[in-house]
Enquirer: 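My structure is below; once you've seen it, I'll send some questions.
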Amino acid sequence: MAYEIKSVKNPEDKTVLEQKHVPFIQAPDKVKKGEYFEVKINMGKEIDHPMEPGHFIEYVDLYANYYQLGRTTFTPEAKAETTFVVKLEESCTLRAFTFCNLHGQWEAKKEITVE
Ligand SMILES: [Fe+2]
């Protein structure tokens, strides 16, 4: 098995698996230093990932670069969607890592400017 974290390979032609699994990060492009803001994350963007006992999103982690800001865990009864409220001290890359019990780890990122 390859230790692969999957992401969108071609944004113009996303596969169905990519549409269901890649985290969709919704956050401002610019925020003020030290002020709380919301980061909403859905799995996935175009298609809601199934949430049933045999196949579900187990968690999503949010990072600023490689510093962990938080984690939301899900049961099959939950929607694969969460909102973190965070603050930042400097511009960084927000990264979301999610885990599907059948399809493994998926990553998305978004640049964010702190002023
Ligand atoms: Fe899956």
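In listed order, ligands and their atoms are each counted from 1. Residues take their numbers from the sequence shown, with the count starting at 1.
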Enquirer: Should the heavy atoms of other residues, nucleotides or ligands under 6.0 Å from CD of E38 be counted, would the total exceed 12?
Expert: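 Counting neighbours around CD of E38, 12 or fewer heavy atoms of other residues, nucleotides or ligands fall under 6.0 Å, so no.
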Enquirer: At a cut-off of 2.8 Å, list the protein N/O/S atoms near the Fe ion (ligand 1), residue plus atom name.
Expert: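 As for protein N, O or S atoms lying under 2.8 Å from the Fe ion (ligand 1), they are H21 NE2, H49 NE2, H55 NE2, C100 SG, H103 ND1.
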Enquirer: In this structure, are over 12 heavy atoms from other groups packed under 6.0 Å from Y59 atom OH?
Expert: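 More than 12 within 6.0 Å, yes.
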Enquirer: Can you list the other members of the hydrophobic cluster that holds Y63, where links are side-chain heavy atoms under 4.5 angstrom apart?
Expert: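 Its cluster mates, by chain and number, are I5, F97.
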Enquirer: Is E90 atom CD crowded by more than 12 heavy atoms from other residues, nucleotides or ligands, each under 6.0 Å away?
Expert: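 Atom CD in E90 is not packed in, count stays at 12 or less.
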Enquirer: Using a cut-off of 6.0 Å, state whether more than 12 heavy atoms not belonging to K79 lie near its atom NZ.
Expert: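 Enclosed.
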Enquirer: With a 6.0 Å cut-off (strictly less than), is the heavy-atom count around NZ of K109, excluding the residue itself, greater than 12?
Expert: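 Not more than 12 within 6.0 Å, no.
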